[in-house]
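Everything below concerns the one structure shown next.
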Number of protein chains: 2
Amino acid sequence: MDYSRLSASERRTAPPAIAVSAVAFALGAPEGAELGDSGDTGPAGGGAGAGATDAGEAAEGTPWLPLVRRTREPFAGVWALPGGPIPWDETLAESAERTLRATVGASPGYLEQLYAFGDVERSGRGQRLVTIAYWALYGENDLVAPADPPVEPENIAWFSADRLPELAFDHADIVEYALWRLRMKTEYAAVAHRFLGGTFTLAQLRRVHEAILGTEVDPANFRRQALAQGHLVDTGDVETGTRHRPAKLYRFRER
Amino acid sequence: MDYSRLSASERRTAPPAIAVSAVAFALGAPEGAELGDSGDTGPAGGGAGAGATDAGEAAEGTPWLPLVRRTREPFAGVWALPGGPIPWDETLAESAERTLRATVGASPGYLEQLYAFGDVERSGRGQRLVTIAYWALYGENDLVAPADPPVEPENIAWFSADRLPELAFDHADIVEYALWRLRMKTEYAAVAHRFLGGTFTLAQLRRVHEAILGTEVDPANFRRQALAQGHLVDTGDVETGTRHRPAKLYRFRER
DNA sequence: GTAATAGTGTCTATAAGACAATATATT
DNA sequence: AATATATTGTCTTATAGACACTATTAC
């Protein structure tokens with residue numbers, strides 16, 4: 001797989017290499033995760049600029065995503081999307097999911113193919129590289145109690161989609177496309193609930209939409225529209241521990 | 001590229017092969033093209049069953065697409081989507097377009113990536129095959145006067161999307177997905193005009209929508225909606241040669 | 001009671017669909 | 001004039017958004 005040793009003519013006849021990359025969104029970084037701030041932050045960096053919010057359920061309000069710092073050329077030391085080559089016995093989706101388990105420590109609640117990127121010279125060398133990009137969503141419950149600890153956690157950090165560092169390859173384009181896709185209404189209407197746990201209030205679901213769209217949404221109209229879809233089921237339970245009228249809890253009806 | 005000679009263990013370590021396939025839609029078969037009828041038809045077969053309409057601007061009303069009969073195993077003799085491996089110096093889109101030129105004899109008016117298919121064992125053998133599927137539209141003007149004559153025309157035929165033969169690999173799934181995509185309203189609103197020439201009447205554009213959707217559309221309402229989009233420009237010219245009031249000719253405003 | 005958010009009602013503006021009516025060409 | 005389709009007008013219904021109002025809990 002080390003194509004850098006090949007001669008120019010060998011590179012020309014070698015078949016293109018294939019890899020998957022994954023843009024994994026969550027509404028906040030997981031507990032205890034390393035947080036990136038578009039520059040370089042220490043393991044628990046003090047209050048640097050104006051941007052960084054403190055840890056824990058970090059900075060809701062925008063989508064966050066995990067990145068991996070590359071250890072090899074090209075782009076050694078630069079942040080990149082989780083991903084890698086495709087083993088012979090995995091489907092594309094399986095390969096994306098395994099990569100995410102190794103990076104995040106858990107499987108996403110939703111996974112969907114995004115696009116195949118395959119321009120000539122994408123890698124900056126002669127060897128062709130075709131990247132099948134995937135799009136993943138992590139809900140609250142998907143991020144608790146990592147089954148497998150992340151591999152090399154020191155090279156993994158979560159970033160707000162608002163404040164991304166420089167990215168390797170054309171990964172900035174891929175993230176931009178993933179964000180656009182996330183905001184396409186017809187698409188996210190059926191997946192927004194995956195940012196949450198199994199049950200949720202309409203206010204929680206509304207805040208997911210607000211985070212995705214970056215705008216405020218009228219609670220009354222949102223309620224009507226969300227319920228009219230017929231995808232939400234009233235569980236009969238209500239929220240507890242609030243200092244006001246508790247809200248009904250709903251769950252999503254799969255089909 | 002002949003992976004069939006490899007041993008099982010060699011196949012397991014070989015990187016997946018990559019190919020492009022293209023689903024190319026037009027509103028009828030081009031002049032003089034071979035027409036398929038889900039079975040096997042001679043060069044200008046007589047009136048067989050109820051289905052086959054006669055040649056020329058064949059059977060409007062549904063989308064048509066070109067298929068290629070495979071000459072090698074696997075699936076020798078079976079119809080398949082145009083496509084093939086990706087040369088080292090082509091982007092994915094370039095590869096799809098070149099394949100279509102070789103099959104149809106002309107470049108499509110529109111080309112867009114559809115999806116990457118990459119299940120294990122897609123080819124029925126050990127070797128992995130990842131297919132990047134493309135989606136193309138040919139307009140009336142795109143099909144006249146083929147610049148390059150099709151390669152091996154005897155193995156190429158056009159089929160109505162209604163009456164497809166058995167297809168190789170998982171190409172039936174790919175066509176089904178392409179048809180679904182074609183019918184998604186938000187997508188086709190901006191591309192339907194590509195089935196037509198540079199100028200067209202609103203009735204022609206409406207018939208494209210009817211063909212895609214498979215339903216009738218109210219002329220009055222369609223007119224209002226189409227004009228309200230702001231994408232149509234009145235050329236000032238009108239249709240001629242009709243036996244009734246001539247319609248205004250419009251063209252599409254790019255951007 | 002007060003505060004705070006859950007949840008309902010209502011009004012308006014906009015868009016979609018059904019369908020009648022009018023306009024303008026050919027024959 | 002008869003015919004056929006283009007083009008316009010109008011009515012109804014569905015939907016989205018703004019926003020006032022009521023309900024229910026914690027404190």
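To find a chain, count down the sequence lines: A is the first, B the second, and so on, and within it residues start at 1. Just so we're clear, the structure is a prediction, and the values are computed from it rather than from any experiment.
The nearest pair of heavy atoms linking Ala33(A) to Trp158(A) is CB-CD1, 3.6 Å. In terms of heavy atoms, Ala192(B) sits closest to His209(B) at CB-NE2, 3.5 Å.
When the C1' atom of dT14(C) is taken as reference, atom CD of Gln225(B) falls 13 Å away, rounded to whole Å. dA23(C) atom C1' lies 12 Å from atom NZ of Lys248(B), rounded to whole Å. In this structure, Leu205(A) places its CG atom 13 Å from P of dG7(C), rounding to the nearest Å. Look at NE2 on His244(B): it is 18 Å from C1' on dA1(D), rounded to the nearest Å.
Remark: Ser107(B) engages Glu97(B) in a side chain to side chain donor-acceptor pair (under 3.5 Å) (not counting sequence neighbours). Considering only residues two or more places apart in sequence or on other chains, Arg207(B) meets the side-chain contact (heavy atoms from CB on, under 4.5 Å) condition with Ala203(B), Gln204(B), Glu210(B). By the side-chain contact (heavy atoms from CB on, under 4.5 Å) test, Val68(A) pairs with Pro82(A), Thr103(A), Ile156(A), sequence neighbours left out. With sequence neighbours left out, Arg194(B) forms a salt bridge (Lys or Arg N to Asp or Glu O under 4.0 Å) with Glu254(B). Ala178(A) pairs by the side-chain contact (heavy atoms from CB on, under 4.5 Å) definition with Val23(A), Phe25(A), Leu114(A), Trp135(A), not counting sequence neighbours. Tyr250(A) is linked by a side chain to side chain donor-acceptor pair (under 3.5 Å) to nothing, counting only residues two or more places apart in sequence or in another chain. Not counting sequence neighbours, Asn141(A) has no partner by the side-chain contact (heavy atoms from CB on, under 4.5 Å) test. Under the ring-ring contact (aromatic ring centres under 6.0 Å, His included) criterion, Tyr115(B) pairs with Phe117(B), Tyr177(B), not counting sequence neighbours.
The residue among Gln229(A) and Leu227(B) whose nearest nucleotide of DNA chain D lies closer to the 5′ end is Leu227(B).
Of the residues in residues 236-243 of chain B, those placing a heavy atom less than 4.0 Å from an atom of DNA chain C are Thr242(B), Arg243(B), in numerical order. Taking every heavy atom of residues 216-224 of chain A and every atom of DNA chain D, pairs under 4.0 Å involve Asp218(A), Ala220(A), Asn221(A), Arg224(A), by number.
In the interface, the side chain of Arg245(B) is not paired with the base of dA25(C) through any donor and acceptor atom under 3.5 Å apart.
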Hey, what are the protein-to-nucleotides 11-13 of chain C N/O distances that come in under 3.5 Å?
none

Using atom types as modelled, flag every donor-acceptor pair under 3.5 Å from a side chain in residues 237-245 of chain A to any protein atom, sequence neighbours excluded.
unit_1, atom_1, unit_2, atom_2, d
Glu239(A), OE1, Ala247(A), N, 3.3
Thr242(A), OG1, His244(A), O, 2.8

